[in-house]
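Reminder, nothing fancy here: chain letters follow the sequence lines and each chain counts from 1. Computed from a predicted structure; not experimentally measured.
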Number of protein chains: 2
Amino acid sequence: MRELTVDLGERSYPIYIGEGLLEEASVYFAKHGISKKSPLMIITDEQVAGRHLAALEKSLKDGGFSVVSEVVEAGESSKSLAMLGMLVGKALEAGLDRNSAIVALGGGVVGDLAGFVAASYMRGVKFVQVPTTILAHDSSVGGKVAVNHPLAKNIIGAFHQPELVLYDLRTLQTLPPREVSAGLSEVVKHGLIWDADFVDWCETNAEKLLALDPDSIGHALYKGSSVKAAVVSQDERENDLRAILNLGHTIGHALEAVAGYGELLHGEAISIGMIGSAKLGLRYGAPEDVYTTTKRVLSACGLPVRLPEHYDVDSIMDAMMHDKKFKEGTMVFVVPTAIGKVDIVKDVPVAWVREIVEQLKQEAELQ
Amino acid sequence: MRELTVDLGERSYPIYIGEGLLEEASVYFAKHGISKKSPLMIITDEQVAGRHLAALEKSLKDGGFSVVSEVVEAGESSKSLAMLGMLVGKALEAGLDRNSAIVALGGGVVGDLAGFVAASYMRGVKFVQVPTTILAHDSSVGGKVAVNHPLAKNIIGAFHQPELVLYDLRTLQTLPPREVSAGLSEVVKHGLIWDADFVDWCETNAEKLLALDPDSIGHALYKGSSVKAAVVSQDERENDLRAILNLGHTIGHALEAVAGYGELLHGEAISIGMIGSAKLGLRYGAPEDVYTTTKRVLSACGLPVRLPEHYDVDSIMDAMMHDKKFKEGTMVFVVPTAIGKVDIVKDVPVAWVREIVEQLKQEAELQ
């Protein structure tokens with residue numbers, strides 16, 4: 001069992017990473033002040049419910065908690081104000097009060113949605129994250145919760161820190177291989193912005209990670225979460241430093257925006273975006289290995305490093321222009337200066353970005 | 001011009017109370033860090049827009065601010081998730097970014113709604129309150145913002161403190177007399193829980209207050225806001241002390257719930273509720289003047305002190321049972337122990353409350 005603390009003063013909280021934690025959930029919930037007198041609500045999605053909901057419910061009920069569960073459709077469309085209203089109605093009917101907790105059982109979508117229910121129900125109740133994806137090691141640290149608006153993703157939300165994060169590695173065993181790779185994308189990102197040794201470790205241990213070897217994946221989640229926690233601790237409200245977490249995300253978000261439904265997973269889009277960022281780093285004088293190492297480690301994790309030919313560069317650039325980071329002929333980018341180090345560059349010429357997006361199509365896939 | 005500070009550490013903010021502040025709004029906005037580079041959005045309602053929106057817009061535009069305005073229907077029905085979604089859409093279309101501010105121009109409904117837009121748009125942007133009712137002296141201090149759910153009022157919200165509150169006394173001049181009285185109800189409440197001298201002053205100056213004499217009303221708002229600010233400073237997240245602000249509200253909310261639409265204003269319901277609390281105080285041994293003084297000062301402010309005959313006691317009790325403060329045959333009540341002093345009593349017998357509600361119908365109105 002690994003444990004780390006996200007250090008946010010009086011809002012600090014622990015992340016537990018280990019095997020079989022679902023079965024021991026009631027112990028951890030009780031230890032961190034979740035009330036047994038007030039009902040708690042588990043929010044999960046259809047896919048996760050079938051695999052893990054019964055185990056979590058059983059553990060909590062056996063431990064004396066009063067539990068209600070709500071299962072939403074899997075996918076981004078559940079992150080809506082309408083769903084927030086529906087869940088608040090269910091919480092009221094179930095008698096959740098100010099001492100109740102909302103529990104997110106699932107990946108990033110469920111975490112964002114349930115987190116915003118917790119942030120806004122009765123102006124804020126306790127929140128627990130029980131992530132079931134690798135990607136959620138990222139979203140479950142930092143307290144960013146939100147729902148979507150038809151015009152923009154994650155635009156209605158809050159910063160609401162959980163009381164604890166309970167990461168049961170066994171829940172990862174049922175992830176499809178493509179989602180394992182996609183999840184590793186943010187793990188690698190945390191190395192690329194902060195910790196060169198960890199990047200090296202990821203490359204060396206990529207096969208074990210892809211095979212979901214518990215000790216390796218536990219270490220990867222621990223290190224990835226630690227970097228995220230360190231950054232968030234220094235910048236809880238996303239004023240400056242926290243922007244470095246967006247490495248690869250400016251191009252990546254644009255790719256997601258123009259891709260057909262299900263064509264690119266978030267982690268895949270970010271992987272291609274990080275290759276673009278590395279190439280931008282070279283333009284700003286970073287050593288060659290910023291690019292070669294980035295490409296090797298992402299390839300080793302089974303991630304795409306090349307933009308498929310059919311993507312239209314104009315559409316991608318248009319999508320980026322709508323990104324809030326754009327301003328008068330230049331863009332803000334997270335640019336690597338070495339492996340494990342990045343800068344925020346506020347005046348990257350749009351023309352350079354365009355050239356790099358075009359080059360991403362020519363990128364050779366590594367074996 | 002009167003000024004006071006709500007002391008909340010790094011979230012502290014000033015309240016300015018004076019005549020003609022709308023015309024000087026740009027000076028105060030600039031002084032408190034509202035950005036001229038990013039557009040700001042004024043949210044107001046149809047009634048207030050006709051009277052005061054042009055003046056505020058002109059002042060801000062003349063001062064170099066980029067301003068968009070959204071006018072919602074007056075009344076509680078605008079405090080909905082649907083309206084939140086609509087306003088977020090408008091904010092996106094107008095290009096509001098993370099440095100933008102949301103400005104509430106109006107009473108409590110507009111403040112609650114605009115405040116929750118500010119709290120949740122891009123996970124929180126700056127917020128400015130420009131209250132136009134007496135009652136808003138209460139709601140504009142403390143940062144409680146929310147929208148309603150069909151099953152419960154104010155159930156989806158946040159604590160989001162404004163950057164400043166700008167109280168232009170001239171906006172009060174167009175209030176109908178009944179709303180003036182209703183607004184004074186919360187002013188008097190702040191005296192009753194905290195400051196006996198101020199209760200005395202309210203009674204002595206009631207005629208001037210009802211006539212909206214600027215100096216008197218300015219003083220009343222200053223003192224009322226000061227009490228609220230003192231309480232909130234000690235208990236920002238409503239953990240304990242802040243409960244004393246609910247004097248008269250348990251009965252009051254129940255009266256509002258059973259009253260026909262428009263029959264009882266909030267301040268009127270609270271006034272009758274405070275008479276009930278005073279009578280409860282006598283049961284717990286408070287001196288007789290807790291009751292007589294409460295009744296005199298509320299009557300002097302033109303407020304009802306008697307429950308109209310046609311109200312059904314059973315319905316009122318049912319409404320109270322649904323209140324979250326109820327628990328197993330007893331209720332939590334804010335009970336006066338002297339003028340300017342209250343206790344929280346957690347085990348008031350429901351039977352006592354029922355008797356008092358029945359007695360409220362027999363209450364003689366004072367002249």
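Here A:Lys144 is the residue among A:Lys144, A:His160, A:Glu93 with the most heavy-atom pairs under 4.5 Å with chain B. Most heavy-atom pairs under 4.5 Å with chain B, from the set A:Ala91, A:Gly85, A:Ala82, A:Gly124: that is A:Gly85.
Around the CD atom of A:Gln234, the shell of radius 6.0 Å holds more than 12 heavy atoms that belong to other residues, nucleotides or ligands. Within 6.0 Å of atom NZ in B:Lys36, more than 12 heavy atoms from other residues, nucleotides or ligands are found, so the atom counts as buried in its surroundings.
The ring pair (Phe, Tyr, Trp, His ring centres under 6.0 Å) contacts involving residues 136-159 of chain B comprise B:His137-B:His190, where partners must be two or more places apart or lie in separate chains.
What you find for A:Arg237 and B:Arg123 is that their closest heavy atoms are NH2-O, 3.6 Å.
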Verdict with reasoning, A:Ile155 to B:Tyr121, per side-chain contact (heavy atoms from CB on, under 4.5 Å): CA-CA 6 Å; A:Ile155 205 73; B:Tyr121 184 67; 4.1 Å; yes
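At a 4.5 Å heavy-atom cutoff, the contact between A:Val145 and chain B is made by backbone atoms alone. Contacts of A:Leu92 with chain B are made by side-chain atoms alone, with heavy-atom separations under 4.5 Å and no backbone atom involved.
In this structure, CE on B:Met83 lies 13.0 Å from CG on A:Leu81, to the nearest 0.5 angstrom. We find the CG-OG distance between B:Leu84 and A:Ser120 to be 9.5 Å, quoted to the nearest 0.5 Å.
Among residues two or more places apart in sequence or in another chain, the salt bridge (Lys or Arg N to Asp or Glu O under 4.0 Å) test is passed with B:Glu256 by none.
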